[in-house]
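Residue numbers start at 1 and run along the sequence shown. One-based numbering, in listed order, for ligands and for the atoms of each.
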Amino acid sequence: MNIYTTITEVRQAVADARATGRGPIGFVPTMGALHAGHGRLVETAAARCGFVVVSVFVNPTQFGPGEDFAAYPRTLVEDAARCEAAGAAAIFAPSVAEIYPQPGLAQVHIQALGETLCGASRPGHFTGVCTVVGKLFNIVGPDQAFFGAKDFQQAAIIRRMAADLNFPVEIVVCPTVREPDGLAMSSRNRYLTPPQRAAAPALFRSLQAAATAIRERRPAANDVRAAIQAQLADELPEGDVDYIELVDPHDLRNVQTTDRPVLIALAVRLGKARLIDNIVVD
Ligand code: PAF
């Protein structure tokens with residue numbers, strides 16, 4: 001497995017792979033600090049594609065002022081070992097200057113889908129995500145790109161961006177990978193202190209309880225939200241709830257009733273970490 005740091009090199013590697021019949025080209029965009037969830041994305045990509053590129057790039061434009069851009073863990077040596085074990089053929093790990101040689105005047109801004117949930121509390125975040133993912137799609141030129149369902153809103157936005165802007169890439173969304181106690185794997189879990197880490201599975205427990213209530217009783221969305229809030233206040237008192245929302249899984253618009261498929265999504269600040277999770281109830 002090779003590690004490329006320039007656009008020219010990774011484009012050449014992909015062109016060589018195509019020319020020698022090693023496609024389709026799979027792509028897993030990441031910000032590094034990889035965990036087993038990323039490993040699963042790479043494995044899925046390797047099972048479907050002949051040549052898999054993983055990008056490792058902590059993208060400054062998707063972090064807001066006061067967010068953890070500087071502190072975000074950079075662990076390229078360990079990331080490379082994980083990628084190789086999972087079947088990646090190449091890592092693309094560019095510098096910020098390689099991706100943004102000058103201030104970008106052109107950006108990809110997605111309306112509506114990008115303004116709710118995480119977009120409401122992180123203004124500009126999804127413009128940064130879409131812009132860098134669009135650039136990476138143009139650099140790598142993949143046939144298939146793989147995203148995790150933990151970032152449900154991100155996956156929905158990327159899928160819509162690819163459709164609206166005619167990127168010739170299939171967006172594949174893979175299930176959230178969880179720790180044995182239910183906590184969704186995240187690079188930011190490493191910010192948690194041991195007591196915070198022990199308490200954090202309350203997030204997924206509250207989502208599971210809400211899903212059970214919806215399947216059994218179809219309560220109003222407001223009641224589901226209130227029940228999750230109460231459970232978190234009880235089981236995770238240190239947590240500072242950013243949002244708890246029930247939305248349509250397709251357009252991410254708020255729903256009032258639970259008699260059709262619903263996505264329950266939440267974000268909670270716990271110590272230095274901002275944790276997100278979700279569940280879809282069909
Ligand atoms: O999900 C992430 O790690 C990032 O948002 C992504 C898609 C790699 C873009 O920087």
For E170, all residues meeting side-chain hydrogen bond (donor to acceptor under 3.5 Å, both in side chains), sequence neighbours excluded
R48
Which residue supplies the protein heavy atom nearest to atom 10 (O) of ligand 1, what is that atom called, and how far is it?
Q62 OE1, 2.6 Å
Numbering as shown, the atoms of ligand 1 that approach V132 to under 4.0 Å (heavy-atom distance):
9 (C), 10 (O)
Using a 4.5 Å cut-off on heavy atoms from C-beta on, say whether the side chain of I228 contacts that of Q231.
no
among protein heavy atoms, the one nearest atom 5 (O) of ligand 1 is Q154 OE1, 2.7 Å
Quick note on ligand 1: atoms under 4.0 Å from a heavy atom of T30 include exactly 8 (C)
Taking ring pair (Phe, Tyr, Trp, His ring centres under 6.0 Å) as the definition, give me every residue that meets it alongside F137, ordered by chain and number, with sequence neighbours left out.
F167
Any salt bridge linking R122 with D242? Criterion: basic side-chain nitrogen under 4.0 Å from a carboxylate oxygen.
no
